[in-house]
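Here the structure is laid out as structure tokens; the discussion comes afterwards.
Naming: A, B, ... by sequence-line order, numbering from 1 per chain. Bear in mind that the values here come from a model prediction, so they are computed numbers and not experimental data.
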Amino acid sequence: MEDVDNPFKKRFQTILKVLQESTKENDVQLIDGGEHANLTSTIAFSLAKKEKKPPGTIAQECAKEISSNPEFKLLGITIEAKGPYLNFQYNNIPEKDLLKDAIKPGYGSLKKKSARVVLEHTSANPNGPLHVGHIRNSIIGDTLARTFRKAGYNLEVQYYVNDMGRQIAIVVWGFDNLDNTQLKGEKEDTHIARIYIAANRELEKNPGITQQVDHLMQLVEGGDITTVKKFRKEVSRCLDGFVVTLKNLNVAHDRFVWESDFIRNGDTKRIIGRIKKLPQEKEEGSLALDLSEWGFENKYVIRRSDGTTVYAARDLAYHTWKAANFDRIIDVLGADHKLIGAQLICTLKLLGEKAPQIVHFEFVSLPEGSMSTRAGKFVSADDLIAEVTKRAFDEVTKRRPELDESTRRAIAKSVGLAAIRYDIVKVSPEKSTVFDWKEALDFERQSGPYIQYAHARACSILEKAEKFTECFDLETEYELAVAKQIAKFPATIEKVVSELRPHLLAIYARELADTFNTFYHFEPVLKSEGAIRDRRVTLVKAVQNTLKESLETLGIDAISTM
RNA sequence: GGGCGAGUGGCUUAGUCAGGAUAGAGCGUCAGCCUCCUAAGCUGAUGGUCGGGGGUUCAAAUCCCCCCUCGCCCGCCA
């Protein structure tokens with residue numbers, strides 16, 4: 001399989017070449033023709049100025065000159081001047097060729113690549129359950145991961161476990177000094193959050209506790225066995241809770257990488273040694289880098305004056321390790337990490353290491369303000385999943401009362417998951433959002449369930465169609481619109497990977513569902529006969545398969561009935 | 001104060017990087033469509049100074065400058 005939908009690329013390049021030769025211009029301004037044509041050139045505008053002739057006339061002349069080009073004839077490209085626009089139309093519809101691929105399993109997969117890619121996402125601090133902000137990271141990360149795999153990359157997904165931060169020291173202090181009993185049925189991560197919140201309250205009341213927390217951090221960095229064990233125990237328990245939540249979101253990691261391992265294996269010490277040799281190094285009790293030359297106002301601290309390392313040191317060690325083991329590094333991080341991310345990249349470059357590409361997403365807040373684990377102000381992902389699934393179950397029961405309960409439960413689980421994942425992935429990452437229960441519980445238009453429904457509808461038609469002969473002709477406006485959208489799928493996968501923007505896939509899938517629903521409304525499939533029926537059933541098959549591949553790449557179940 | 005991001009109909013949002021032909025969509029409101037392939041659907045109507053002001057260009061939501069509003073960041077926290 002090729003990386004780009006070739007029939008289109010070939011035509012694009014042919015038109016480009018012919019236009020360049022004809023106009024003697026390098027930039028022939030070839031753009032998408034939208035509803036007017038497959039491709040359009042606006043070159044007549046700039047030529048008008050040079051040749052002092054109206055653009056309309058130039059377009060006419062140019063069209064006349066190149067319309068009989070033998071390559072155009074061969075590929076079935078026609079040209080028409082409409083006002084100043086040069087419109088190119090493909091008559092040997094390349095959509096047809098792609099339709100043959102589109103009915104096969106795996107449509108949209110690109111050719112295998114040898115590069116090893118590591119993608120880090122979620123990496124939330126293990127001091128409380130994942131909330132609706134964290135899962136924006138998980139869902140963007142997991143969708144990217146699925147798209148990279150579909151695009152043929154050899155990918156490993158990692159979770160970086162911050163197991164030696166101050167928050168964890170506070171958690172451990174809480175377990176040591178406060179009532180730490182786990183409530184009946186209380187999930188591990190929720191338990192940790194409760195103790196963490198209580199410990200923070202104590203800390204506010206009595207700032208003297210800070211010294212005890214600092215002491216714990218020194219002990220853990222020094223490798224004190226009992227302290228390390230305590231940290232590991234609570235962090236592990238919290239991660240167990242995370243894994244359950246993530247599994248319910250259809251998100252999985254290949255490897256959990258523990259921050260403290262980079263202390264234990266000496267990597268952090270080694271990276272500090274290398275940093276000390278940099279000309280930007282500033283050692284005045286603490287160890288830091290002066291990156292002002294690159295526009296960073298504040299110094300980048302690597303090691304405290306008490307000799308303990310800060311997060312940055314371990315993160316540098318982690319990324320150096322990634323650079324040694326992978327060809328390409330991608331991190332999904334919240335917008336709050338923009339500055340330190342840039343400092344990290346800058347430092348890695350100074351060290352001559354491969355730097356990560358960082359995908360940043362803006363914050364999710366609640367109507368009453370920003371979320372805070374410490375203050376206990378958050379909507380947990382578990383609660384969200386429970387509510388949405390409940391709502392989905394009610395909806396399925398209302399629509400399909402004849403189904404038995406376990407079937408309805410299974411559909412509700414898939415529908416709920418679709419609603420959550422789609423709701424989050426559909427908006428572009430640079431947009432900050434406010435969590436809204438009403439929107440989260442909406443299963444109509446522009447939602448995951450809407451796309452699932454279009455897929456289920458296609459499945460139903462195919463089931464009823466039984467026998468048909470594959471036919472790749474396209475006649476009506478609606479058939480063509482659907483085929484055109486199907487044909488865009490491989491290019492969409494490629495675009496998501498190259499731009500690291502998974503919401504493009506979400507938009508694509510919704511538009512495919514839209515065009516299919518319109519087609520469904522206007523063009524009878526099962527009630528048509530002969531060749532018309534064959535070509536429409538074939539088209540439905542292609543839609544069903546493309547929707548399935550799209551949904552699965554979005555981490556959403558392509559269910560056949562709902 | 002400085003840096004980064006966002007501002008598109010009442011609400012949510014695509015398009016902005018690679019400027020082009022009437023700025024797409026959903027929710028809401030209003031009017032229609034289930035003896036007909038799944039109505040989680042479809043059709044139509046309503047609704048837009050693309051935050052404001054300059055500039056570049058034949059052409060600006062899109063590029064440049066200034067300003068306003070909101071979010072995030074500016075720790076020997078992570």
Practice problem: Select from A:Leu86 and A:Lys338 the residue whose nearest nucleotide in RNA chain B is closer to the 5' end of that strand. | Solution: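 So the residue in question is A:Lys338.
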Self-check item: Position toward the 5' end of RNA chain B (nearest nucleotide), A:Ala458 or A:Met164
Solution: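 First, find each residue's nearest nucleotide; the 5'-ward one identifies A:Ala458.
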Side-chain N or O of [X] versus OP1/OP2 of [N]: is the shortest distance under 4.0 Å?
| X | N | result |
| --- | --- | --- |
| A:Arg457 | B:U38 | no |
| A:Tyr520 | B:C34 | no |
| A:His503 | B:G15 | yes |
| A:Arg536 | B:C37 | no |
| A:Lys431 | B:G71 | no |
| A:Arg533 | B:C37 | no |
| A:Thr518 | B:U43 | yes |
| A:Ser432 | B:G71 | no |

Choose from [options] the nucleotide whose nearest atom is closest to any side-chain atom of [X].
| X | options | answer |
| --- | --- | --- |
| A:Lys495 | B:G26, B:C4, B:A18 | B:A18 |
| A:Phe363 | B:G71, B:C74, B:A39 | B:G71 |
| A:Arg304 | B:C72, B:C76, B:U38 | B:C76 |
| A:Ala456 | B:G41, B:C76, B:U38 | B:U38 |
| A:Leu504 | B:C72, B:U38, B:G15 | B:G15 |
| A:Val427 | B:U13, B:C76, B:C73 | B:U13 |
| A:Leu339 | B:C74, B:C42, B:U22 | B:C74 |

Given atom [atom1] of [X] and atom [atom2] of [N], what is their separation to the nearest angstrom?
| X | N | atom1 | atom2 | result |
| --- | --- | --- | --- | --- |
| A:Arg136 | B:G71 | CZ | P | 16 Å |
| A:Lys527 | B:U35 | NZ | P | 12 Å |
| A:His455 | B:G41 | NE2 | P | 17 Å |
| A:Glu362 | B:C73 | CD | P | 10 Å |
| A:Leu366 | B:G71 | CG | C1' | 14 Å |

Between the side chains of [X] and [Y], is a donor N or O closer than 3.5 angstrom to an acceptor N or O?
| X | Y | result |
| --- | --- | --- |
| A:Ser260 | A:Asp163 | yes |
| A:His337 | A:Asp331 | no |
| A:Tyr450 | A:Asn517 | yes |
| A:Gln29 | A:Ser46 | yes |

Quiz prompt | Steps toward salt bridge (Lys or Arg N to Asp or Glu O under 4.0 Å) verdict (A:Lys322, A:Glu120) | solution = CA-CA 10 Å; A:Lys322 286 202 257 196; A:Glu120 176 200 338; 2.8 Å; yes
At 4.0 Å (heavy atoms only), tell me whether [X] reaches a base, stays on the sugar-phosphate, or touches nothing.
| X | result |
| --- | --- |
| A:Leu287 | nothing |
| A:Arg510 | sugar-phosphate |
| A:Ala335 | sugar-phosphate |
| A:Gln452 | nothing |
| A:Phe296 | nothing |
| A:Thr561 | base |
| A:Ser365 | nothing |
| A:Gln29 | base |
| A:Ser560 | base |
| A:Phe443 | base |
| A:His360 | nothing |
| A:Val310 | sugar-phosphate |
| A:Val396 | base |
| A:Val540 | nothing |

Is it the case that the base of [N] and the side chain of [X] share a donor-acceptor contact (distance under 3.5 Å, atom types as modelled)?
| X | N | value |
| --- | --- | --- |
| A:Glu499 | B:A18 | yes |
| A:Thr42 | B:A21 | no |
| A:Asp163 | B:A78 | no |
| A:Ser305 | B:C76 | yes |

Does [X] lie flat on the base of [N], that is, centres under 5.5 Å apart and planes under 30° off?
| X | N | result |
| --- | --- | --- |
| A:Tyr85 | B:A21 | yes |
| A:His521 | B:G41 | no |
| A:Phe45 | B:A59 | no |

Determine, for [X] against [Y], whether the closest basic-nitrogen to carboxylate-oxygen distance falls under 4.0 angstrom.
| X | Y | value |
| --- | --- | --- |
| A:Glu362 | A:Lys338 | yes |
| A:Lys488 | A:Glu511 | no |
| A:Arg303 | A:Glu283 | yes |

Self-check item: Geometric class of the A:Phe435/A:Trp437 ring pair [parallel <30°, tilted 30-60°, perpendicular >60°]
Solution: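 A:Trp437 vs A:Phe435 ring planes: perpendicular.
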Quiz item: Do the non-hydrogen side-chain atoms of A:Trp294 and A:Gln280 ever get within less than 4.5 Å of each other?
Solution: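 Side chain of A:Trp294 against side chain of A:Gln280, heavy atoms only: contact under 4.5 Å found.
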Complement of [N], any strand, by Watson-Crick or G-U distances under 3.5 angstrom:
| N | result |
| --- | --- |
| B:G19 | none |
| B:C4 | B:G71 |
| B:G44 | B:C30 |
| B:G24 | B:U13 |
| B:U38 | none |

Quiz prompt | Between B:C73 and B:U56 - P atom distance, rounded Å | solution =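 It comes out at 40 Å once rounded to the nearest Å.
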Quiz item: Expressed as a whole number of Å, how far does the P atom of B:U13 sit from that of B:G51?
Solution: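 Roughly 14 Å separates the two P atoms.
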Exercise. Assign B:C72 to syn or anti; the rule is syn for a glycosidic angle within 90° of 0 and anti otherwise.
Key: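 That one's anti.
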